[in-house]
Amino acid sequence: MRRPVARKLSVLAVSAAVVSVGATAPPSASAPQKVPVAVGYGGAVASVDLDASSAGIEVLKKGGNAVDAAVATAAALGVTEPYSSGIGGGGYFVYYDAESRKVHTIDGRETAPLTADANLFTENGQPLAFADAVSSGLAVGTPGTPATWATALDRWGTRGLGTVLKPAERIARDGFTVDDTFRAQTALNETRFRYFPDTAELFLPNGALPVVGSTFKNPDLARTYKELGRKGVDAIYRGGLGDEIVDTVNNPPVDPASGWNARPGQLSEKDLAAYRAKSQAPTKTSYRGLGVYSIAPSSSGGTTVGEALNILENTDLSKADDVRYLHRYIEASRIAFADRGRWVGDPAFEDVPTKGLLSQSYADQRAALIKDDAVLTSPVAPGDPRDPGSTGTPAPTTYEGENTTHLTVADKWGNVVSYTLTIEQTGGSGITVPGRGFLLNNELTDFSFVPANPAVHDPNLPGPGKRPRSSISPTIVLDQHNKPVVALGSPGGATIITTVLQTLTQVVDRGVPLVDAIAAPRASQRNQTTTELEPALFNSESRTKLEALGHGFRLNAEIGAATGVQRLPNGKWLAAAETVRRGGGSAQVVYPAP
């Protein structure tokens, strides 16, 4: 059932604006407050953090565009959300150009060393335990975030790197206020942070957890940003800072008294010099007459969200009750994840059937598996988009760390950025580059340590210079005139895919305002025996009714932390972020509507 929805979304946007203004808009542009929704003119920024969103708004106010503001916001998140992002990591950047009305993307994923092979995470023929691998040099991939920033600014920005790094440099130098989330994330990592003296010195001031309400300063990172602004990212990929990263990875500065075996990595100056952030075409899916654009492999986000939307295309979710809506959404997710696990990897190494995974005819074939009175048994067998009707061997979904951060930006010209960046799990590898103020990623643990199913080729095994599969799903939705409707994304490891899918269907199909769709309780099915539910759904009547159909559930206290922007009539933008998750997010606009 294909129904045009552009007019409905326009009405929804106006309704959301009327509700939001006055209730939650910042009281003044000079003193922004942390609020989850803002409406106004001149551009918008939404992130998890007040200081980071303010950095982006500062750049927009000074005439920068969405790309300039996105890099400024990301750099600030490297200060205030250092356990989720930073120049020691990577990510995926999706950009809508208002002049050409086209979407472009950058794959800034980290890469394995050129010496890596499929046995990177095995010892004596056995896979390492995740806990042994994560806090080690072995887990660290070649960082892609600095190259992503430079590539985006060179192609589409209007300001230089040094200019857009200034707000983040200032925050790092002068400090930011510690909140409950920052302290809790530090506490979560305290044991392993103490393995590494440089990390402990930075994030455990005076040997203790940072105090909520105190000012946290990172002068080392301020100096690093200043150097990058002056020398450019070649300081990392061909310079002295890169040498320091290599030495840290290959000789992890561990406290001998800790007894921790911080296995050395294999990173080299050659790996850094060879790194490129890839400019590539986005994925595109048609859904309810809208164009849904996202990131293509090496991330599985665009293909998996797109396939699930195609599976749902012929179900009228607008008229379904909550139970049928959730049932259909869960089953579509289950099937799409089965195909993701079988087919998606780094396309430089794997033959990924991206076109087939996103074809409506293939989705229709897969959708025929869904019944309204029964539940599929996980793991569901993958299909084969190149051989319709055939099925493969079921395989479980491998583990993926659940931290990351997402930001969404729009400017007064109508350009939009949806950008997700990460150092993998909370705290990354736990290893800080001495004197530099940033953590290194543990992104290589997103590879399969051994094949998910020994009888079937696993497209996500390590390889030389290979990018591990990701679930990052920065998304931009365009109307029939190729103008932006909404853009969004989320952190959360493999739950990113389901968070983006659920939020999109709530907005597009269910008519839910963006901020409410972001705040809604989430379900996440990833071709596993049970579906994760947040507390509000876990304790609901819908869960009982779904269990009667055969669904099984387990509790997850918090899934994702999305942000988004929505284009409103007459040049207005709506920015939206979380209301509660991670302490709530920060939505800001340049000029709040009166």
Is there a side chain to side chain contact (heavy atoms under 4.5 Å, CB included) between T475 and V94 once you walk through the steps? CA-CA 7 Å; T475 301; V94 178; over 6 Å; no

Specify the closest pair of heavy atoms between G306 and L358, including all atoms of both residues, with the distance to one decimal. CA-CD2, 3.7 Å

Angle between ring planes, H551 versus H327, binned at 30° and 60°: parallel, tilted or perpendicular? perpendicular

Specify the closest pair of heavy atoms between T531 and A523, including all atoms of both residues, with the distance to one decimal. CG2-CB, 4.3 Å

Passes salt bridge (charged side-chain N to carboxylate O under 4.0 Å, His left out), R510 versus D322? Steps please. CA-CA 10 Å; R510 312 289 280 177; D322 288 347; 2.9 Å; yes

Any side-chain hydrogen bond (donor to acceptor under 3.5 Å, both in side chains) involving residues 376-386? Give me the pairs, sequence neighbours left out, ordered by first then second residue. R334-S378, D351-R386, S378-N527

Between the side chains of R554 and E532, is the shortest nitrogen-to-carboxylate-oxygen separation below 4.0 Å, so that they form an ion pair? yes

Got a second to check how far T111's OG1 is from D346's CG, nearest 0.5 Å? 9.0 Å

Answer whether the closest heavy-atom distance between the side chains of P385 and W343 falls below 4.5 Å. yes

Nearest heavy-atom contact between G56 and A69 is O-CB, 3.5 Å

Quiz question: by atom type and distance under 3.5 Å, do the side chains of T158 and D68 form a donor-acceptor pair? yes

Pairwise salt bridge (Lys or Arg N to Asp or Glu O under 4.0 Å) hits with a residue in residues 97-106, at least two apart: none

Can you tell me if T422 uses its side chain to pair, donor with acceptor, with the backbone of G91 under 3.5 Å? no

Quick one: do E443 and R109 satisfy salt bridge (charged side-chain N to carboxylate O under 4.0 Å, His left out)? Show the steps, please. CA-CA 9 Å; E443 215 67 60; R109 183 65 156 165; 2.8 Å; yes

Rounded to the nearest 0.5 Å, the CG atom of L546 sits from the OG atom of S540 at a distance of 7.5 Å

Output yes when R366 and D339 qualify as a salt bridge under the 4.0 Å nitrogen-oxygen rule, no when they do not. yes

Does some side-chain heavy atom of Y92 sit less than 4.5 Å from a side-chain heavy atom of I106? no

Any R526 side-chain heavy atom under 4.5 Å of S471 side chain: no

Once you round to the nearest 0.5 Å, how far does OH of Y329 lie from CG of L501? 5.5 Å

Go through the side-chain N and O atoms of T404 and H406 and say whether any donor and acceptor fall under 3.5 Å apart. no

So, D316 versus S318: side-chain donor-acceptor pair below 3.5 Å or not? yes

Run D364 and Q360 through side chain to side chain contact (heavy atoms under 4.5 Å, CB included) and show every step you take. CA-CA 6 Å; D364 291 345; Q360 187 62 52; 2.8 Å; yes

Please lay out, stage by stage, how R567 and V486 fare under the test side chain to side chain contact (heavy atoms under 4.5 Å, CB included). CA-CA 6 Å; R567 182 174 61 91; V486 66; over 6 Å; no

Could you give me the CA-CA distance, side-chain angles and deciding distance for S586 and D49, then say whether side-chain hydrogen bond (donor to acceptor under 3.5 Å, both in side chains) is met? CA-CA 5 Å; S586 173; D49 180 74; over 6 Å; no

T498-S333 side chain donor-acceptor pair, cut-off 3.5 Å: no

Check: N65/Y95 side-chain N/O donor and acceptor closer than 3.5 Å: no

Do E313 and T285 have side-chain heavy atoms sitting under 4.5 Å apart? no

Roughly how far apart are L407 CG and S53 OG, rounded to 0.5 Å? 8.0 Å

Say you draw a straight line from CD1 of I497 to CD of Q502; how long is it, rounded to the nearest 0.5 Å? 14.0 Å

Hey, does L153 have a side-chain heavy atom less than 4.5 Å from the side chain of V67? yes

Donor-acceptor pair, side chain of S299 and main chain of A296, under 3.5 angstrom: no

State plainly whether the residues D107 and R467 are in salt-bridge range, i.e. N to O under 4.0 Å. yes

Does some side-chain heavy atom of T503 sit less than 4.5 Å from a side-chain heavy atom of I518? yes

Hey, are S84 and T405 close enough side-chain-wise for a donor-acceptor pair under 3.5 Å? no

Say you draw a straight line from OG1 of T530 to CZ of F553; how long is it, rounded to the nearest 0.5 Å? 9.0 Å

Looking at V500 and S473, what are the two nearest heavy atoms and their distance? CG2-O, 3.7 Å

Pairing of R522 and E578 as salt bridge, 4.0 angstrom limit: yes

Does D321, at its CG atom, have more than 12 non-hydrogen atoms belonging to other residues, nucleotides or ligands within less than 6.0 Å? yes

Using salt bridge (charged side-chain N to carboxylate O under 4.0 Å, His left out), reason through E307 and R340 one step at a time and then give a plain yes or no. CA-CA 9 Å; E307 181 182 352; R340 163 195 184 265; over 6 Å; no

Could you go step by step and tell me if D446 and R469 meet the salt bridge (charged side-chain N to carboxylate O under 4.0 Å, His left out) rule? CA-CA 7 Å; D446 271 355; R469 181 174 59 213; over 6 Å; no

Would you say N539's side chain and P535's backbone share a donor-acceptor pair under 3.5 angstrom? yes

pair L574-V565: side-chain heavy atoms closer than 4.5 Å: no

Just checking, is any N or O donor in the side chain of T505 or Y325 under 3.5 Å from an acceptor N or O on the other one? yes

Run the numbers on Q566 and L488 for side chain to side chain contact (heavy atoms under 4.5 Å, CB included), then give the verdict. CA-CA 9 Å; Q566 189 171 22; L488 74 157; over 6 Å; no

Close side-chain approach of L549 to K545, heavy-atom, < 4.5 Å: no

